[in-house]
Enquirer: 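Pasting in a structure now, in structure tokens, and then I'll have a few things to ask.
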Amino acid sequence: MDRAVQALVGGGCVVYPTETFYALGALVGSPSALARVNTIKGRPRSKPLPVIVGGMEQLGQVMSAEAASWPGYAVAMLLMERFWPGPLSVIVPAAKGLPPQLLDGRGSVSVRFTPHPQARELCLRAGSPLAATSANVSGEPSVSDVGRLSPAVCLGADYVLAGDPAPAGGLASTVVRPLANGEAYVYRVGALPLEEIERAGVILRREE
């Protein structure tokens, strides 16, 4: 853990476990490290990197300070209170100054509060949310077994932190974008069943 934190704080890229799969990431405030993440993975620059936080106190580092006036704010707060920490990524207005590698065309960022103890500790000890794209070469399967990580990813990263516990595998996080009037768009069906979100009172829209 110490070496992983040192690599991140030093502007490096680290492979680390999450509740779903192994992730490849860097501090959200390091554009050069985020660019390396995309290069190592072979990920299109136009595709924004998702983010994890280690605690709700870190949300303000990635979510806009003016988000309370955003139409989707009430739904976002409901989802966060009900399903975080957990495998639900919520697309929110981004804080000013975030690197472009994290932003979509609306100036938004995808963020989740990870329940994995090591991923949370990494964020908290590094003092920053982390980019969290799956630690595989683009087009290859996501990995939940450290022994199956791509050599290209391992050699490209500055450190690989073995999972304890290991990632659960199965499905990636569910991704939604909150809207007004209790609604949300579904961008990816994943580890959090849509039925649970609907039982929380959110109306899901599945086409944009």
Enquirer: Please answer whether the main-chain N or O of F21 pairs with a side-chain N or O of S142 as donor and acceptor at a distance below 3.5 Å.
Expert: no
Enquirer: Residues two or more places apart in sequence or in another chain: which of them pass side chain to side chain donor-acceptor pair (under 3.5 Å) with S173?
Expert: S89, R188
Enquirer: Show me the pairs that pass salt bridge (Lys or Arg N to Asp or Glu O under 4.0 Å) and involve residues 14-30, at least two apart or across chains.
Expert: E19-R112
Enquirer: Just how far is it from atom OG of S138 to atom CG of N38, taken to the nearest 0.5 Å?
Expert: 8.0 Å
Enquirer: Taking salt bridge (Lys or Arg N to Asp or Glu O under 4.0 Å) as the cut-off, I'd like each qualifying pair that reaches into residues 130-143, sequence neighbours left out, listed once.
Expert: none
Enquirer: About how many Å separate OG of S110 and OH of Y187, when rounded to the nearest 0.5 Å?
Expert: 10.5 Å
Enquirer: Is the closest side-chain heavy-atom distance between V28 and P129 below 4.5 Å?
Expert: yes
Enquirer: Ignoring hydrogens, what is the shortest heavy-atom contact between T20 and P87? Give both atom names and the distance.
Expert: CG2-CB, 4.2 Å
Enquirer: If a pair satisfies side chain to side chain donor-acceptor pair (under 3.5 Å) and one of its residues is in residues 55-82, list it, with sequence neighbours excluded.
Expert: S64-E66
Enquirer: Apply the test side chain to side chain contact (heavy atoms under 4.5 Å, CB included) to residues F113 and M80: give CA-CA distance (whole Å), side-chain angles for both, the deciding distance (0.1 Å), then the verdict.
Expert: CA-CA 8 Å; F113 179 1; M80 292 174 187; over 6 Å; no
Enquirer: If I compare all heavy atoms of A184 with all of P178, which pair ends up nearest, and what's the gap?
Expert: CB-CA, 4.0 Å
Enquirer: Tell me whether L130 shares a hydrophobic cluster with L49, the cluster being built from Ile, Leu, Val, Met, Phe, Trp, Tyr side chains joined at under 4.5 Å.
Expert: no
Enquirer: Are V51 and M56 grouped together when hydrophobic residues (ILVMFWY) are joined by side-chain heavy atoms under 4.5 angstrom apart?
Expert: yes
Enquirer: Y185 and R205: side chain to side chain donor-acceptor pair (under 3.5 Å), yes or no, with the steps?
Expert: CA-CA 5 Å; Y185 276 124; R205 297 172 62 180; 3.1 Å; yes
Enquirer: Do V90 and F83 make a side-chain contact, defined as non-hydrogen atoms from C-beta onward lying under 4.5 Å apart?
Expert: no
Enquirer: Look at the side-chain heavy atoms of Ile, Leu, Val, Met, Phe, Trp and Tyr, link any pair under 4.5 Å apart, and say whether L171 and L194 land in one connected group.
Expert: no
Enquirer: Quick one: closest heavy-atom pair of A152 and V137, and the distance?
Expert: CB-CG2, 4.4 Å
Enquirer: Compare every heavy atom of V75 with every heavy atom of G182, then report the nearest pair and how far apart it is.
Expert: CA-CG2, 3.5 Å
Enquirer: Name the residue from R43, K47, Q101 that meets the side chain to side chain donor-acceptor pair (under 3.5 Å) definition with T133.
Expert: R43
Enquirer: Can any side-chain N or O of T39 pair as donor or acceptor with the backbone N or O of A35 at less than 3.5 Å?
Expert: yes
Enquirer: In Å and rounded to the nearest 0.5 Å, what is the OG1 to CG distance from T174 to L79?
Expert: 11.0 Å
Enquirer: Can V37 be reached from V62 by stepping across I, L, V, M, F, W or Y side chains whose heavy atoms are under 4.5 Å apart?
Expert: yes
Enquirer: Any side-chain donor-acceptor pair under 3.5 Å between S134 and K41?
Expert: yes
Enquirer: Between CG of L27 and CG of L8, what distance do you get to the nearest 0.5 Å?
Expert: 5.0 Å
Enquirer: Are I52 and M63 connected, step by step, through hydrophobic side chains (Ile, Leu, Val, Met, Phe, Trp, Tyr) whose heavy atoms are closer than 4.5 Å?
Expert: no
Enquirer: Any salt bridge (Lys or Arg N to Asp or Glu O under 4.0 Å) involving residues 144-172? Give me the pairs, sequence neighbours left out, ordered by first then second residue.
Expert: R36-D158
Enquirer: Mind checking whether V5 and M1 have side chains closer than 4.5 Å, heavy atoms only?
Expert: yes
Enquirer: Does a side-chain heavy-atom distance below 4.5 Å link V92 with S108?
Expert: no
Enquirer: Tell me, with the steps shown, if Y22 and L149 meet side chain to side chain contact (heavy atoms under 4.5 Å, CB included).
Expert: CA-CA 8 Å; Y22 275 95; L149 287 166; 4.0 Å; yes
Enquirer: Ignoring hydrogens and geometry, is there a side-chain-to-backbone donor-acceptor pair from H116 to P165 under 3.5 Å?
Expert: yes
Enquirer: How far does CG of L192 sit from CD1 of I197, to the nearest 0.5 angstrom?
Expert: 4.5 Å
Enquirer: For G54 and C123, work out which heavy atoms get closest and say how close.
Expert: N-CB, 3.5 Å
Enquirer: Step by step, would you call L98 with L103 a side chain to side chain contact (heavy atoms under 4.5 Å, CB included)?
Expert: CA-CA 8 Å; L98 279 186; L103 307 180; 4.1 Å; yes
Enquirer: Checking side chain to side chain contact (heavy atoms under 4.5 Å, CB included) for the pair V14/Q6: CA distance, chi angles, key distance, verdict?
Expert: CA-CA 10 Å; V14 169; Q6 289 170 4; over 6 Å; no
Enquirer: Can you tell whether the side chains of D2 and R125 come within less than 4.0 Å, N to carboxylate O?
Expert: yes
Enquirer: Can you list everything that forms a side chain to side chain donor-acceptor pair (under 3.5 Å) with R120? Sequence neighbours excluded, please.
Expert: none
Enquirer: Which value, rounded to the nearest 0.5 Å, describes the distance between D104 atom CG and S46 atom OG?
Expert: 11.5 Å
Enquirer: Indicate the atoms forming the closest heavy-atom contact of A131 with L102, along with that distance.
Expert: CB-CD2, 4.4 Å
